[in-house]
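Read the structure below first, then the notes.
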Amino acid sequence: MHALIIGYGSIGARHAHLLKSMGHEVACVTRNRECPFPAFPNIQAALEETAPWLAVVCTATVEHAAGLKALLKAGFSGRILVEKPLFERVREIDPAPGDNVFVAYNLRFHPMVTRTRELLAGRKVLNARFAVGQYLPDWRPGQDYTKSYSASRARGGGVLRDLSHELDLAQFLLGGWKRATAMGGRYSDLKIDSDDQFAVLMETAHCPMVGVHMDYLSRSTHRGFDITCADMTLRADFMAGMLTVNGTMEEFPVDRDVTYRRELEAMAVGDPTPCTYAQGLALVELIETLEYCAEQQVWVSAS
């Protein structure tokens, strides 16, 4: 089967090479001369020459809407996977997307997350904390971080959007948000105009107290969560591949490609795990709400 990658940066290259390793014929919409796959100047030209079952939108966040609209207007009816976050701001797309559009929150496919969902079933959750941090200049070795989309608010950068996996995971594991507040913005000397750290406090459908911290500042890369139930406490460390449940450690030694591969496999078989378009758009709405909370220093309840 054929797959189309729109945008051949680091994440586009990852999807392209994974799909090739899975036996798919890959083509790309890109002007990147280093792209080793058949390349087309635009989506229409690519669709005229190929018949992909899957299109993956891997451009900068601010360009996601244009790529999605171009696919829909061209009448593409295959599955569409848009890199996270769905958009840089809440948008209405015409024609309206159907149930074939998904958002690439691949951490949903980490085996520790699957195991956590099993452990939480039927339990009362008391509190949870999610945290992620990595020093932005170290993210992409060999690239000037000041020229990345992460550094630019106008291009959809900033931790609330870049690191929104944690906002998705919190709701994937603990239910949709009911009320929230936040503090955040640009606090460091990094040469960026996007937010470099945010702290979020939420109540969700299944947890009365959820904290989320995300930053571009930590020199010690970390990503994980702690969840406390009435009879159980668990800690997930994505960097170590370790889930600790009431002091007992369970190892999950997976490489980074595993979650991306499982996500792509799920797209092929209709697995319900991927983030839907509606869920992805709701997350963009949450991000805008959290920005408002930080600016106005208020709590906001979900509508």
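Owing to the predicted nature of the structure, the values given are computational and were not obtained by experimental measurement.
Linking Ile, Leu, Val, Met, Phe, Trp and Tyr whenever their side-chain heavy atoms come within less than 4.5 Å leaves I5 and V103 in two separate clusters. When the side chains of ILVMFWY residues are joined at heavy-atom separations under 4.5 Å, either directly or via intervening members, V159 and V62 end up in two distinct hydrophobic clusters. Residues L167 and V113 are members of one and the same hydrophobic cluster, defined by side-chain heavy-atom contacts under 4.5 angstrom among Ile, Leu, Val, Met, Phe, Trp and Tyr.
Under the side-chain contact (heavy atoms from CB on, under 4.5 Å) test applied with T114, the options H110, M112, E118 reduce to a single match, E118.
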When you look at E203 and M209, which way does the side chain to side chain contact (heavy atoms under 4.5 Å, CB included) test go after all the steps? CA-CA 5 Å; E203 176 187 357; M209 189 179 299; over 6 Å; no
Run the salt bridge (charged side-chain N to carboxylate O under 4.0 Å, His left out) test on R186 and D193 for me, step by step, so that the C-alpha distance in whole Å, both residues' side-chain angles and the decisive distance to 0.1 Å come before the verdict. CA-CA 7 Å; R186 179 177 173 272; D193 67 12; over 6 Å; no
Evaluate the criterion side chain to side chain contact (heavy atoms under 4.5 Å, CB included) for residue pair C229 and L120; output intermediate values, then yes/no. CA-CA 8 Å; C229 301; L120 293 180; 3.6 Å; yes
Just do the side chain to side chain contact (heavy atoms under 4.5 Å, CB included) check on F40 and E49 with the steps written out, would you? CA-CA 9 Å; F40 297 87; E49 294 292 329; 3.5 Å; yes
Starting from the C-alpha separation in whole Å, work towards a yes-or-no answer on side-chain hydrogen bond (donor to acceptor under 3.5 Å, both in side chains) for Y216 and D162. CA-CA 10 Å; Y216 283 156; D162 237 356; 2.7 Å; yes
What verdict does the side chain to side chain contact (heavy atoms under 4.5 Å, CB included) test give for L19 and L54, after you've listed the backbone C-alpha separation in whole Å, the side-chain angles of each residue and the deciding distance to 0.1 Å? CA-CA 10 Å; L19 285 163; L54 171 68; 4.1 Å; yes
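Both the sub-6.0 Å distance and the 45° axial angle are not jointly satisfied by R79 relative to the ring of F102. A cation-pi geometry, defined here as NZ or CZ lying under 6.0 Å from the six-membered ring centre and within 45° of its normal, holds between R219 and Y135.
Between R161 and E88 there is no salt bridge, since no side-chain nitrogen of the basic residue lies less than 4.0 Å from a carboxylate oxygen of the acidic one. Residues R153 and E291 are paired through a salt bridge, judged by an N-O separation under 4.0 Å between the basic side chain and the carboxylate. E166 has a carboxylate O that lies under 4.0 Å from a charged side-chain N of R223, or vice versa, which qualifies the two as a salt bridge. The existence of a salt bridge linking K84 and D168 is excluded, since no basic side-chain nitrogen approaches an acidic carboxylate oxygen closer than 4.0 Å. For the pair D231 and R123, the salt-bridge criterion is met [side-chain N within less than 4.0 Å of a carboxylate O].
Residues T289 and W177 form a side-chain contact, since some pair of their non-hydrogen atoms from C-beta on lies under 4.5 Å apart. Contact of the S164 side chain with the Y105 side chain is registered, since non-hydrogen atoms from C-beta on lie closer than 4.5 Å. Counting only heavy atoms from C-beta outward, the side chains of L71 and I43 approach each other to under 4.5 Å. In this structure, L119 and M232 have side chains that are in contact, with non-hydrogen atoms separated by less than 4.5 Å. Two residues are said to be in side-chain contact when any heavy atoms from C-beta on lie closer than 4.5 Å; I80 and L72 meet this criterion.
Ring-centre distance between F87 and H64: not below the 6.0 Å cut-off. In this structure, F198 has its ring center no closer than 6.0 Å to that of H213.
When all heavy atoms of A180 and M202 are compared, the closest pair comes out as CB-CG, 3.7 Å.
Using the six-membered ring where Trp is involved, Y8 and H17 have ring planes that are tilted, between 30° and 60° apart. Under the 30°/60° scheme for interplanar angles, the aromatic rings of Y260 and H15 are found to stand perpendicular.
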